[in-house]
Amino acid sequence: MSAKPRQQRAQLEAIARRVMEERGLLPDFAPAALAELARLDQPASPPTAGAAGAAAAAGVAGEGGAPEGGAVRDLRSLLWCSIDNDDSRDLDQLSVAEALPESAVKVLVAIADVDTLVHKGSAIDQHAEHNTTSVYTAARIFPMLPEKLSTDLTSLSPDEDRLSLVIELTVGKDGSVPRSDVYRAWVRNHAKLAYDGVGAWLEGKAEAPRRIGEVPGLDSLLRLQDQAAQRLRELRHERGALELETLQARPVFQEDEIVDLQVERGNRAKELIEDFMIAANGTTAAFLTGKGFPSLRRVVRNPKRWPRIVELAAGYGEHLPPEPDAPALAGFLVRRRQADPLRFPDLSLSVVKLLGAGEYVLERPGDSAPGHFGLAVRDYTHSTAPNRRYPDLITQRLLKAALAARNQPYTAEELEGLAAHCTEQEDAAQKVERQVQKSAAALLLESRIGQSFDGVVTGASEKGTWARIFHPPAEGRIVHGWQGLDVGDKVRVRLVATDADRGYIDFAR
């Protein structure tokens, strides 16, 4: 029996907690972590104005500055801004740009210095290491770090002085990055902006968000950032990066009742941040290699189901080579987006399923880890979201040690174990998120049993066959008539059953 409308959010939270525990994730912080948290009452303090100036001139941290980890610059006067979801408070990144001669653009990406307050081996760190990621469910967010940290003391919150690691990129006219650097700096977020408002403005569909107009000069710097991001994106696509568009459906609540599933679509502002993060993560990986440090690489290997991707393309009259070829696949996807933009997300979902999941692997000095097939890059790590992902916090500690010429904070054996653990826990967290998403969809659909829907096959294996219907966007298992179906096939299905507690939606072909 379903929950009463006003109990649906509570039911989903209970499901999320149960599934997290079943998957080996901790929904709550241990008493020791909460005790540590109670002793933290302020972020790292910047130096005074006089000390800051002297420190900047000398290239060292000023009095009252950050703990050891390399010289700290004072960049608080730059027009840093954050662009994230409307309701995001765990702000990991800021960005700013500067025009250079010969049409080049200097891009600075500041990453929250979480390690300053979350020390390796502390009780808070142990919780973060166990879960390795924040878990985002339809009912609530289960943060990797306590909210007092992730949304306050270690967040790059607006109008607050914060310690950061800055990744500096020089973006050429052709999208190349001939020069880059990594260093520590004090920064200040001058404008908290949201994807939808900035995206609509950059695309010429709306006026600039109010906050942009309140900060003199910010509008021109944002357009400069957009210009640099588009250059980075164009060069990546020339090299074979895949342009995919998958639909993310978010439950819409009226009070605590689910009334709809709303699709979140990409826009120019999301692309801007994505392009900067990819470039920053590549720079971070190369920086650690240059310092002779190991690193956790984020990889997507050559797809094992490439023959099915070839077959899928053939269904559209396209030819792909028999061996995995990222540029060829990228070209096919571009043509399909142009030919049928409405159905392109369905094709994208099929390709994502066939590419396989990403994973973390250790790259030791002198080794060569697999690259990232989807991004068409070899050097790639995760470093830009230390409030939300543990691999990024690990990378941050490696960066700070390299900058300060200190011993590495992890042995190669520790990093190898952490790579496998982070991959496993990330997979567990994604399964929790998907199951709660399905539970939300099941609650929404329970009154529509017997109705028919158009959809696309999203999974086909010995474990079963799954399809995603288009309206509302929800995924379920085909329990009758699944024979002969494979990923990417279009289907007409009838809803035969739902089970919110287990997150089950059953279809018949």
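Count residues from 1 along the sequence. Every heavy atom of this structure was used, including side-chain atoms; hydrogens, water molecules and symmetry mates were not.
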Could you tell me whether Glu238 and Arg233 make a salt bridge, using a distance below 4.0 angstrom between a side-chain N and a carboxylate O?
no

If only side-chain N and O atoms count, and only distance matters, is there a donor-acceptor pair under 3.5 Å linking Ser295 with Arg297?
yes

How long is the span from the OG1 atom in Thr154 to the CG atom in Leu149, to the nearest 0.5 Å?
5.0 Å

Show me the pairs that pass ring-ring contact (aromatic ring centres under 6.0 Å, His included) and involve residues 115-145, at least two apart or across chains.
Phe29-His127

Please give me the minimum heavy-atom distance between Leu242 and Ala326, naming the atom from each residue.
CD2-O, 3.7 Å

Carboxylate-amine/guanidinium contact Arg337 Asp346, below 4.0 Å
no

Which atom of Leu153 lies closest to which atom of Leu40, heavy atoms considered:
CD1-O, 4.0 Å

Can you list the steps and then say if Ile212 with Leu222 is a side-chain contact (heavy atoms from CB on, under 4.5 Å)?
CA-CA 9 Å; Ile212 293 179; Leu222 281 168; 3.5 Å; yes

Which residues satisfy the side chain to side chain contact (heavy atoms under 4.5 Å, CB included) test with Ala229, sequence neighbours excluded?
Leu272, Asp275, Phe276

Do Arg397 and Tyr410 have side chains that get closer than 4.5 Å, going by heavy atoms?
yes

So that I can tick it off, tell me whether Arg223 and Asp219 are bridged by a salt bridge, with the cut-off set at under 4.0 angstrom between side-chain N and carboxylate O.
no

Please enumerate all residues that pass side chain to side chain contact (heavy atoms under 4.5 Å, CB included) together with Ala241, with sequence neighbours excluded.
Arg236, His237, Ala376

Rounded to the nearest 0.5 Å, how far apart are CG of Asp152 and CD of Glu147?
10.5 Å

Shortest non-hydrogen contact from Phe287 toward Ala402
CE2-CB, 4.3 Å

Decide if atom CZ of Arg239 counts as having more than 12 heavy atoms of other residues, nucleotides or ligands within a radius under 6.0 Å.
no

Side-chain donor/acceptor pairs under 3.5 Å, residues 202-209, sequence neighbours excluded:
unit_1: Glu203; atom_1: OE1; unit_2: Lys205; atom_2: NZ; d: 3.2
unit_1: Glu203; atom_1: OE2; unit_2: Arg268; atom_2: N; d: 2.8

Closest heavy-atom pair and its distance - Ala441, Leu261:
CB-CD1, 4.0 Å

Regarding Gln227 and Arg231, is there a side-chain donor-to-acceptor distance under 3.5 Å anywhere?
yes

Evaluate the criterion salt bridge (Lys or Arg N to Asp or Glu O under 4.0 Å) for residue pair Arg298 and Glu426; output intermediate values, then yes/no.
CA-CA 12 Å; Arg298 180 67 175 178; Glu426 179 189 76; 3.0 Å; yes

Measure the spacing between CG of Leu398 and CG of Leu296 and express it to the nearest 0.5 Å.
7.0 Å

Residues Arg76, Glu160; criterion salt bridge (Lys or Arg N to Asp or Glu O under 4.0 Å); working and verdict
CA-CA 9 Å; Arg76 289 174 290 176; Glu160 298 286 351; over 6 Å; no

Determine all donor-acceptor pairs shorter than 3.5 Å in which one atom belongs to a side chain in residues 93-107; sequence neighbours excluded.
unit_1: Gln93; atom_1: NE2; unit_2: Thr384; atom_2: O; d: 2.8
unit_1: Ser95; atom_1: OG; unit_2: Gln225; atom_2: OE1; d: 2.7

Do NZ/NE/NH1/NH2 and the carboxylate oxygens of Arg389 and Asp92 come within less than 4.0 Å?
no

Counting neighbours of NZ on Lys120 that are heavy atoms of other residues, nucleotides or ligands and sit closer than 6.0 Å, is the number greater than 12?
yes

Heavy-atom closest pair, residues Ile15 and Ala500
CD1-O, 3.4 Å

Does NZ belonging to Lys291 count more than 12 external heavy atoms closer than 6.0 Å?
no

Decide, yes or no, whether a salt bridge links Arg17 with Glu13 under the criterion of side-chain N to carboxylate O below 4.0 Å.
yes

Val109 and Met277: side-chain contact (heavy atoms from CB on, under 4.5 Å), yes or no, with the steps?
CA-CA 8 Å; Val109 177; Met277 296 309 104; 3.7 Å; yes

Heavy-atom side-chain contact between Leu75 and Trp80 under 4.5 Å
yes

Side chains of residues 174-181: which donor-acceptor pairs under 3.5 Å do they make with residues two or more places apart or in other chains?
unit_1: Asp174; atom_1: OD1; unit_2: Ser176; atom_2: N; d: 3.0
unit_1: Asp174; atom_1: OD1; unit_2: Ser176; atom_2: OG; d: 2.7

Test of understanding: with ring-ring contact (aromatic ring centres under 6.0 Å, His included), list the residues that count as partners of His382, not counting sequence neighbours.
Tyr360, Tyr380

Strictly by modelled atom types, are Asp90 and Ser155 linked by a side-chain donor-acceptor pair under 3.5 Å?
no

Contacts of Asp159 meeting side chain to side chain contact (heavy atoms under 4.5 Å, CB included) (sequence neighbours excluded), chain-then-number -> Arg188, Arg211

For the pair Gln425 and Thr133, evaluate side-chain contact (heavy atoms from CB on, under 4.5 Å) and give the outcome as yes or no after the intermediate values.
CA-CA 8 Å; Gln425 295 297 79; Thr133 182; 5.7 Å; no

Looking only at side chains, do Asn281 and Thr381 share a donor and an acceptor under 3.5 Å apart?
no

For residues 35-45, which residue pairs pass the salt bridge (Lys or Arg N to Asp or Glu O under 4.0 Å) check, not counting sequence neighbours?
none

Can you list everything that forms a side chain to side chain contact (heavy atoms under 4.5 Å, CB included) with Gln396? Sequence neighbours excluded, please.
Ile111, Asp113, Val114, Asp115, Leu165, Pro386, Leu393, Lys400

Which residue pairs pass the side chain to side chain donor-acceptor pair (under 3.5 Å) test when at least one of the two sits in residues 190-202, sequence neighbours left out?
Asp196-Asn267

Can you confirm whether Met20 sits close enough to Thr137 that some side-chain heavy atom of one is under 4.5 Å from a side-chain heavy atom of the other?
no

Test side-chain contact (heavy atoms from CB on, under 4.5 Å) on Ser82 and Leu156; report intermediate values, then the result.
CA-CA 8 Å; Ser82 60; Leu156 299 177; over 6 Å; no

Under 4.0 Å between a side-chain nitrogen and a carboxylate oxygen: does that hold for Arg210 and Glu214?
yes

Checking side-chain polar atoms at under 3.5 Å, does Ser383 have a donor or acceptor matched by the opposite partner on Thr395?
no

Evaluate the side-chain proximity of His372 to Val299: yes if any heavy-atom separation is below 4.5 Å, no if none is.
no

Rounded to the nearest 0.5 Å, what separates atom CD1 in Ile141 from atom CZ in Arg89?
9.5 Å

Between Arg265 and Glu245, does a salt bridge (Lys or Arg N to Asp or Glu O under 4.0 Å) hold up when you go through it step by step?
CA-CA 8 Å; Arg265 298 187 180 275; Glu245 180 187 351; 3.7 Å; yes

Under 3.5 Å, is there a donor on one side chain and an acceptor on the other for Tyr390 and Asp125?
yes

Can you name the side-chain hydrogen bond (donor to acceptor under 3.5 Å, both in side chains) partners of Gln254, sequence neighbours left out?
none

What distance separates Ser439 OG from Leu12 CG, expressed to the nearest 0.5 Å?
6.5 Å

Using 0.5 Å steps for rounding, measure from the CG atom of Leu399 to the OG1 atom of Thr284.
5.5 Å

